[in-house]
Amino acid sequence: MRIWTRGLAAALALILAPVPALAQSSSLAAGVNLGTPGVGAELQLQLSDSLVLRGDVDWLSYSRDEGYSGVDYDGKLKSTTAGLFADWHPGGGAFLISAGAYFGERNLDLTATPTGNVTIGGQTFTPAQVGRIDGRAEMSSFQPFLGIGFDNTFSREGAWGFRALAGVAFSGEPDVNLTASGGTFSNDPTFQARLQQEEAEVREDVEAFRYYPVLQIGVTRRF
């Protein structure tokens, strides 16, 4: 968290630094973002009136209780990604079509400690038999992206700009792993077989994560 805070502070310091009089004609810009990919910072390079290259880094940690395959889990979505994109501005205006990819980790950590009987892999077990279940659903480390948005960084007078983006990042099938500990059946072969079946059911439940929605707003400054 300290590293992330320092990185964001450095990006803000760069953006808020005094801008020379020639900044309005600069082809470089920096910005900060907030959205479903997390809190982020970015750099932009304008190659022409209609084409901008954009690179960013984003960090996200989000907790939420979820039920998968009949088991209640404490879930935490963790994401640390970098992205490289090409933004096409038809006619040189603020409207854009963006294509590129995210690289890095986007995982869902799961923890369950049942307080009542639960069904795992089609068989019912008591809390004492189950103990604690820990799991992780991992998305692809390479996720192509396609979206549309608004960014007037290079199409308006002045150094400051505003941007908004909406799109989808595409992942392969999530890789799901579950482990059990602290229960009387934790090492039982039959229970382990049921737990593997539970993995397959959870994988189906988190299938929607293959299409990660990207909604993002931010401010930019040319320098």
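Within the 4.5 Å cutoff, the side chain of L165 has heavy atoms near those of the F145 side chain. Side chains of S27 and L45 form a contact here, defined as non-hydrogen atoms less than 4.5 Å apart. Between Q129 and I120 the shortest side-chain heavy-atom distance does not fall below 4.5 Å. The closest side-chain heavy-atom distance from T220 to R163 is below 4.5 Å. A 4.5 Å side-chain heavy-atom check between N177 and R136 finds every atom pair outside the cut-off. Counting heavy atoms from C-beta on, the side chains of Q44 and D151 come closer than 4.5 Å.
Cluster membership for V206 and L195, using ILVMFWY side-chain heavy atoms within less than 4.5 angstrom, is shared. Under the 4.5 Å side-chain heavy-atom criterion for ILVMFWY residues, a single connected hydrophobic cluster contains both L60 and Y102.
Checked against E198 for a side chain to side chain contact (heavy atoms under 4.5 Å, CB included), the options V118, T119, V71 give a single hit: V71. Looking at S181, P114, P127 one by one, the single match for side chain to side chain contact (heavy atoms under 4.5 Å, CB included) with R132 turns out to be S181.
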Steps toward side-chain contact (heavy atoms from CB on, under 4.5 Å) verdict (T81, M139): CA-CA 12 Å; T81 58; M139 310 302 130; over 6 Å; no
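For R106 and Y212, the positive end sits near the middle of the six-membered ring, less than 6.0 Å away and at most 45° from its axis.
Counted within 6.0 Å of CG on D49, heavy atoms from surrounding residues, nucleotides or ligands total 12 or fewer; the atom is thus considered open. Applying the 6.0 Å contact sphere to OH of Y211 captures no more than 12 heavy atoms from other residues, nucleotides or ligands.
Note: F150 CZ to F162 CZ = 7.5 Å, rounded to the nearest 0.5 Å. Rounding to the nearest 0.5 angstrom, the gap separating the CG atom in D65 from the OG1 atom in T111 is 10.5 Å. Summarising the geometry, atom OG1 belonging to T153 is positioned 8.0 Å from atom CZ belonging to R222; distances are rounded to the nearest 0.5 Å.
With hydrogens and angles disregarded, no donor-acceptor distance shorter than 3.5 Å links the side chain of T80 to the backbone of E105. A donor-acceptor contact shorter than 3.5 Å links the side chain of Q192 to the backbone of S186. Looking only at distances, a side-chain donor or acceptor of E199 sits under 3.5 Å from a matching main-chain atom of L178.
Between S63 and K76, the shortest heavy-atom contact is OG-CE, 3.1 Å. The shortest non-hydrogen separation linking Q197 to G122 is NE2-N, 4.4 Å.
Grouping Ile, Leu, Val, Met, Phe, Trp and Tyr residues whose side-chain heavy atoms lie under 4.5 Å apart, directly or via other members, places F154 in a hydrophobic cluster with V52.
For the salt bridge (Lys or Arg N to Asp or Glu O under 4.0 Å) condition, the pairs that include at least one residue of residues 77-87, sequence neighbours left out, are R54-D87, K78-D109.
Residues meeting the ring-ring contact (aromatic ring centres under 6.0 Å, His included) test with F170, sequence neighbours left out: none.
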